[in-house]
Amino acid sequence: DGGITQSPKYLFRKEGQNVTLSCEQNLNHDAMYWYRQDPGQGLRLIYYSQIVNDFQKGDIAEGYSVSREKKESFPLTVTSAQKNPTAFYLCASSIAGFITDTQYFGPGTRLTVL
Amino acid sequence: AQTVTQSQPEMSVQEAETVTLSCTYDTSENNYYLFWYKQPPSRQMILVIRQEAYKQQNATENRFSVNFQKAAKSFSLKISDSQLGDTAMYFCASSSSGNTPLVFGKGTRLSVIA
């Protein structure tokens, strides 16, 4: 069954700690994305990657970091520099990152800072 | 920069009735694509329908159709024969060749009432 998996579903973090959110896809897609969703804010782009070993900042990249060492994996690290990290995080992928491509989403991770 | 505006934060509709969700967008690009995504209570984002800007014919997918008015930069979603399972957040989104691959509106929460 092809799709996108995100883990964990719920994540709790103490202030000052870094935490990494996992995103894996077996759709053979080249492009992957990370979004943050806050109530009443819609989805905002954090980072995206169109090819292995390359990625670009989105609108709200400060306090986040990513890596893309494998085509199927695009982990997101929320660092202690992110001032308000409590949010719902969605990972997506698309065939090649062109504007014609539909993005497909994972089930999301809810991060709560205690 | 692209912007997408959804002016209706919440809407409700009786089961079996028709409802229209509004979306306006702004882009300086000539080539772009428009999408409607659904996010049910499970929070999994699901593509509902997409429209290529160069196509004059409005896209349809079963009970879902769009009214694409290019000159007015309007892209509304019509849901016919509403079902309880249509209860969800609906997001309008636009993709073009700018810095952000996909820009989302803030969403409309639709409740279908039995």
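By convention in this document, chain letters (A, B, ...) are assigned in the order of the sequence lines, proteins followed by strands, and residues within each chain are numbered from 1. Just the heavy atoms: all of them, side chains too, but no hydrogens, waters or symmetry mates, feed the values below.
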For A:Asp101, does its backbone N or O pair with a side-chain atom of B:Arg50 as donor and acceptor, under 3.5 Å?
no
Just so I understand: if I count every heavy-atom pair under 4.5 Å between each of B:Leu102, B:Ile46, B:Val4 and chain A, which residue has the most?
B:Leu102
Which atoms of B:Gln6 come close to chain A, meaning under 4.5 Å heavy atom to heavy atom: side chain ones, backbone ones, both, or neither?
neither
Taking a hydrophobic cluster as the set of Ile, Leu, Val, Met, Phe, Trp and Tyr residues connected by side-chain heavy atoms closer than 4.5 Å, whether directly or through intermediates, do A:Ile60 and A:Val113 fall within one such cluster?
no
Does B:Tyr37 reach the main-chain N or O of A:Gln103 with its side chain, forming a donor-acceptor pair under 3.5 Å?
yes
Taking atom NZ of B:Lys78 as the centre, does the number of heavy atoms from other residues, nucleotides or ligands within less than 6.0 Å exceed 12?
no
Distance col, row A:Leu43:CG vs B:Met89:CE, nearest 0.5 angstrom, shows 9.5 Å
Sequence neighbours excluded, the answer for ring-ring contact (aromatic ring centres under 6.0 Å, His included) partners of A:Tyr35 is A:Phe105, B:Phe104
Can you tell me which portion of A:Thr100 sits under 4.5 Å from chain B's heavy atoms? Options are side chain, backbone, both or neither.
both
For chain B, find its close neighbours in residues 69-90 of chain A: heavy-atom separation under 4.5 Å, sorted by number, or none.
A:Phe88, A:Leu90
Got a sec, which residues hit salt bridge (charged side-chain N to carboxylate O under 4.0 Å, His left out) with A:Arg44, two or more places apart in sequence or on another chain?
A:Asp38
Might you point out which heavy atoms bring A:Gly42 and B:Phe91 nearest each other, and give the distance in Å?
CA-CE2, 3.6 Å
Using salt bridge (charged side-chain N to carboxylate O under 4.0 Å, His left out) as the criterion, list what pairs up with A:Arg110, not counting sequence neighbours.
none
